[in-house]
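Inspection log for the structure reproduced underneath, given as structure tokens.
Start at 1 and go down the list; that is how both ligands and their atoms are numbered.
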Amino acid sequence: MTQSIEKSLLQNFQEYFGESDQPVRLFFAPGRVNLIGEHTDYNGGYVFPAAITLGTYMAVRKRNDSKYVMKSDNFPGNQVEIDQSLIVNDPNDDWGNYPKGIIKELLELGVPLAGADLLYHGNLPNGAGLSSSASIGMVTAYGLSQLVDFSISTKELAFLCQRMENRFIGVNTGIMDQTAVGFGKANQAILLNCKSFELEMIPLNLGDYKIVITNTNKRRGLADSKYNERRQECEKGLAELQQVKAGLTCLGDLSLELFEELEGTIKEPLIKKRVRHVVTEDNRVLLAAQYLKEDQLEAFGQLMIASHLSLRDDYEVTGAELDALFESQKAAPGCIGTRMTGAGFGGCTVSLVNSNQLDAFEQQVQEAYFNRTGLTPTFYMCEAGPGVLELEKQSN
Ligand code: GLA
């Protein structure tokens, strides 16, 4: 599968861009699935994602000028062309704005970039909560810096990609996605403290269970503005709590006990709910990591369910389709845990399903979800895989 993607990407590259004396190099960055810990990253809390084996492939070759010509196999009609001297966000460029923003960030960092021809191929569903944007961002940042032998740490790359999304795209994302895409390892999940940036890799020993990702196939309309709105609500809650608790730097500093002691000082019920989600979710992440280490998968699954309910009731980022999928999956054979993953408002769920019951699970979910919504879900069986890399180097 991967081999054939690489082969056709190289063929298409030659076809689009023709011959040159410069070598074509191939890079890959995964998407990610977040197992638990949603909307905690920008609050200095914990998250628990894993990189997945689906992602974005990029073939790239230096040019002899300062231009970047970008194409994507996924959007064949669309070519994006820019010069280093003028890089601005243009809604007509759609996906092309991500690499454009990365080029701008790399130049601002002082990376001596050369112009390049770039061809992308993605096998992640776009805008479905599996980090297609961090994936294209990280593959571009890593590939272009490698092209000019500029050494940059994975952590720096992750923060650069986050800055791109915040400043160039205008979505105030946290650091979870870029970190998972950068630091992923096969069969491991990443426990990240988003305040200190401490990382712990935890083996994903799932025994008889498999991670199943299911796409609601509902596009995440309005997701970006709702996302920014949630961030503001959390900032409001924090500001109120800081009035009564000196030294509080983020909601991630709050233990459950401290929150219960102080929650009465938050005036608006809506803001209180938002803060409650963040604090209880943070608590669930640490417990989940512990359960995984102790092979207590059913307890892990229960936390996933509690996480979804909190995202539905307190944080209000699920919506009809995600809730319908959640209910369908919770009741399906072999499923011990399920929840929405990513920002929400549509996109995907992540479930833990007994590997002997995968077919029955899919069949029942498909039927129940269709009856509830009239939509057909898509299932992805994928493994936890490596973070951003150059492909030839992988086989050495
Ligand atoms: C998006 C953002 C992340 C994170 C999640 C919600 O994926 O990019 O930073 O906030 O939503 O957990």
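- Within ligand 1, the atoms closer than 4.0 Å to a non-hydrogen atom of Y227 are 1 (C), 2 (C), 3 (C), 4 (C), 9 (O), 10 (O), 11 (O), numbered from 1 in the order shown.
- Inclusion of G174 in the set of residues having an N or O under 3.5 Å from an N or O of ligand 1 is warranted.
- Between Y42 and ligand 1, not a single N/O pair is under 3.5 Å apart.
- Against a heavy-atom cut-off of under 4.0 Å, G342 is close to the following atoms of ligand 1: 6 (C), 11 (O).
- Electrostatic pairing of K226 and E316 does not count as a salt bridge here, judged by no charged N lying under 4.0 Å from a carboxylate O.
- Those atoms of ligand 1 that come under 4.0 Å of a heavy atom in R32, given as number and element, are 7 (O).
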Original post:
Stepwise, does the ring-ring contact (aromatic ring centres under 6.0 Å, His included) test hold for Y142 with F150?
Top reply: CA-CA 9 Å; Y142 182 68; F150 188 88; over 10 Å; no

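- Proximity of a side-chain donor or acceptor of S307 to a complementary backbone N or O of L303 within less than 3.5 Å is not detected.
- The N/O atoms of E38, backbone and side chain alike, include one that comes under 3.5 Å of an N/O atom in ligand 1.
- A continuous path of Ile, Leu, Val, Met, Phe, Trp and Tyr side chains, each step under 4.5 Å between heavy atoms, connects M201 with M176, placing both in one hydrophobic cluster.
- Contacts between R230 and ligand 1 below 4.0 angstrom, taking non-hydrogen atoms only, are absent altogether.
- In this structure, of I36, N172, D177, the residue bringing a heavy atom nearest to atom 1 (C) of ligand 1 is D177.
- With ring centers used as reference points, F326 lies 6.0 Å or more from Y369.
- Any N or O atom pair closer than 3.5 Å counts here, and T173 shares no such pair with ligand 1.
- With 3.5 Å as the limit, one finds a donor-acceptor pair spanning the side chains of Y120 and T140.
- One side chain, S66 or D83, offers a donor N or O that lies under 3.5 Å from an acceptor on the other.
- Side-chain contact, D177 with S133: no donor N or O sits under 3.5 Å from an acceptor N or O.
- Annotation for ligand 1: atoms under 4.0 Å from non-hydrogen atoms of M176 are 4 (C), 5 (C), 12 (O).
- Within ligand 1, the atoms closer than 4.0 Å to a non-hydrogen atom of D41 are 3 (C), 4 (C), 9 (O), 10 (O), numbered from 1 in the order shown.
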